[in-house]
Amino acid sequence: MAYSAKVMEHFANPHNVGELPDANGVGEVGNPKCGDIMRMYIKVENDRIVDVKFMTFGCGAAIATSSMATDLVKGKTIEEALKLTNKAVMEALDGLPPVKIHCSVLAEQAIKAAVSDYYRRIGIDPVPIVGEIRTDADELACSI
Ligand code: FES
């Protein structure tokens, strides 16, 4: 299965790339197998993600899914952002080849990691709200 036009578009011109100096939540997840790393920055105001940026050192699918995921959570409440699944990101990209599905999990988990960091900074235990971050789960196993 080839990459969809949308994946190619987001890979070639990813949205929301870079760092966010005034971020109040930063999450990083990595794939120990392929070494791909994703860092997500969020700026939260009144429970809403008013800005988001990412840096991905990784494959094309990881970059495209990060780009789409940031588009999907920008302007959303934290509650809405936490509902974003890798499946929804993939659907928004018109699909991914099966061997690349795990790359989209990285984007989903990076957002959760950034939200967890935000909660920690304001003194709230994120685990009951966000759950565990699956940084080394089987879902992240890479098949490059
Ligand atoms: Fe490692 Fe895509 S995230 S190959």
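For the numbers below, each heavy atom of this structure counts, side chains included, while hydrogens, waters and symmetry mates do not. Please read these numbers as outputs of a predicted model, since none were measured by experiment.
- Using a 4.5 Å heavy-atom cutoff, the side chains of V127 and E132 are in contact.
- Closest approach of I63 and F54 over heavy atoms only: O-CZ, 3.8 Å.
- Paired with V7 under the rule side chain to side chain contact (heavy atoms under 4.5 Å, CB included), one option of D94, L93, T65 passes, and it is L93.
- Both L84 and M38 are members of a single hydrophobic cluster when ILVMFWY side chains are connected at heavy-atom separations under 4.5 Å.
- Within a 6.0 Å radius of CD in E79, other residues, nucleotides and ligands contribute 12 heavy atoms or fewer.
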Please walk me through it: do D51 and K74 pass side-chain contact (heavy atoms from CB on, under 4.5 Å)? CA-CA 6 Å; D51 207 357; K74 200 171 188 171; 3.5 Å; yes
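- V50 and I122 end up in different hydrophobic clusters when Ile, Leu, Val, Met, Phe, Trp and Tyr side chains are linked at under 4.5 Å.
- Here ring-ring contact (aromatic ring centres under 6.0 Å, His included) pairs that include residues 4-26, with residues two or more places apart or in two chains, are H10-H15.
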Could you go through the side-chain contact (heavy atoms from CB on, under 4.5 Å) check for V44 and I78 one step at a time? CA-CA 8 Å; V44 180; I78 290 184; 3.8 Å; yes
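- The cluster map of Ile, Leu, Val, Met, Phe, Trp and Tyr, joined by side-chain heavy atoms under 4.5 Å apart, puts M40 and V17 in the same cluster.
- Rounding to the nearest 0.5 Å places NZ of K53 at 6.5 Å from CG of L20.
- Nearest approach of Y3 to A61, heavy atoms of both residues: OH-CB, 4.0 Å.
- Contact record, A107 with A69: CB-CB, 4.0 Å, taken as the closest heavy-atom pair.
- Closest non-hydrogen pair, L82 versus I129, comes out as CD1-CG2, 4.1 Å.
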If you apply the rule side-chain contact (heavy atoms from CB on, under 4.5 Å), what do you find for I49 with K43, and how did you get there? CA-CA 6 Å; I49 297 176; K43 185 176 178 196; over 6 Å; no
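- Under the 4.5 Å side-chain heavy-atom criterion for grouping Ile, Leu, Val, Met, Phe, Trp and Tyr, V73 is connected to V130 within one hydrophobic cluster.
- Minimum heavy-atom separation, N16 to S67: ND2-O, 4.3 Å.
- Note: the hydrophobic cluster containing V89 does not contain M55 (ILVMFWY, side chain heavy atoms under 4.5 Å, direct or indirect links).
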R39/F57 under side-chain contact (heavy atoms from CB on, under 4.5 Å): CA gap, chis, key distance, verdict: CA-CA 9 Å; R39 188 177 301 154; F57 181 76; over 6 Å; no
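- No side-chain donor-acceptor contact under 3.5 Å links Q109 to the backbone of L106.
- The closest donor-acceptor contact from the side chain of D36 to the backbone of C59 lies under 3.5 Å.
- The heavy-atom pair separating A81 from I111 by the smallest distance is O-CG2, 4.4 Å.
- Here the CG atom belonging to L96 is positioned 13.0 Å from the NZ atom belonging to K87, to the nearest 0.5 angstrom.
- The distance from atom OG of S66 to atom CG of D71, rounded to the nearest 0.5 Å, is 11.0 Å.
- In this structure a side-chain-to-backbone donor-acceptor pair under 3.5 Å is present from K76 to L72.
- Annotation: side chain of P126 is not in contact with side chain of V115 (no heavy-atom distance under 4.5 Å).
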